[in-house]
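Single-structure report; data block below.
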Amino acid sequence: PATVAYDDATLTATLVPTAPLEHATTYTVLLQGTVVEPRITDAAGNPLETDHTWSFTTVDAPLPPPTVSIADASALEGSNPVRGELRFVVTLSRESTEPVTVAFATGGGTATAGVDYTEQSGTLTFSTKTTSQTITVLLAADALDEADESVLVTLSNPTNATLANAQATGLIQDDDGAPSMNIDDV
């Protein structure tokens, strides 16, 4: 059921549903000119002499854009010649009907770019069927016993998506033993 509102100034009839309409559904509206009281009239007050029908179809509500998130990562720093790698997984909340791009950059945290890891920046592109990408940050292998360190990866400037979790922390775990010293008798 619905009511019809008529605007004399614009000569526009507006169908006002009494309940929410379903998405992707066809509806038929019947204006009964001869049966229902009060009678439907035109702008001059003349009664509608015949019934009139029209149909319309509602469309699917547009989906909001997907969201982009990045997850934390951790890895051993490695020892020469084998370098550790932090692998940050970047995901979309759902497949998109359009390609999605998002910029990323490393920086911040307790680790030092160029000393503890190789600085990274760029743009990830998700095709319409892709929901996951990986950012790999190479770690500097060393033999120094040091505290664990961290590096941040920050996402920015998404297209066809919004940011849900825009920053992740990568934990660089020290894998070097504490130095030791032996004193022998002379």
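Here the structure is a predicted model, which means the values were calculated and not measured.
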| message | Filter on salt bridge (Lys or Arg N to Asp or Glu O under 4.0 Å), then keep only pairs touching residues 102-128, sequence neighbours left out; what's left? | response |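 Counting only pairs at least two positions apart or across chains, no salt bridge (Lys or Arg N to Asp or Glu O under 4.0 Å) contact touches residues 102-128.
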
Kindly indicate whether the side chain of [X], heavy atoms from C-beta on, has any atom under 4.5 Å from the side chain of [Y].
X      : Y      : answer
Thr91  : Thr131 : no
Tyr27  : Leu21  : yes
Val102 : Gln133 : no
Thr106 : Tyr117 : yes
Val89  : Ser132 : yes
Asp72  : Leu171 : no

| field | Heavy-atom closest pair, residues Pro99 and Asn160 | value |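 Result for this residue pair: O-ND2, 2.7 Å.
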
| request: Check Leu86 against Ala75 and note the closest heavy-atom contact, atom names and distance. | output: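 The pair with the smallest heavy-atom distance is CD2-N, 3.6 Å.
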
| Got a second to check how far Thr130's OG1 is from Leu124's CG, nearest 0.5 Å? |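 That separation rounds to 11.0 Å.
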
Result block: side-chain N/O donor-acceptor pairs under 3.5 angstrom for residues 162-170, not counting sequence neighbours:
| unit_1 | atom_1 | unit_2 | atom_2 | d |
| --- | --- | --- | --- | --- |
| Asn165 | ND2 | Ile70 | O | 2.7 |
| Gln167 | NE2 | Thr154 | OG1 | 2.9 |

| query | Pairs in or reaching into residues 94-104: which pass side chain to side chain donor-acceptor pair (under 3.5 Å), with residues at least two apart or in two chains? | reply |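 Of all non-adjacent pairs touching residues 94-104, those that pass side chain to side chain donor-acceptor pair (under 3.5 Å) are Thr101-Thr159.
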
| task | List the steps and the verdict of side-chain contact (heavy atoms from CB on, under 4.5 Å) for Thr134 and Val90. | result | CA-CA 6 Å; Thr134 301; Val90 181; over 6 Å; no

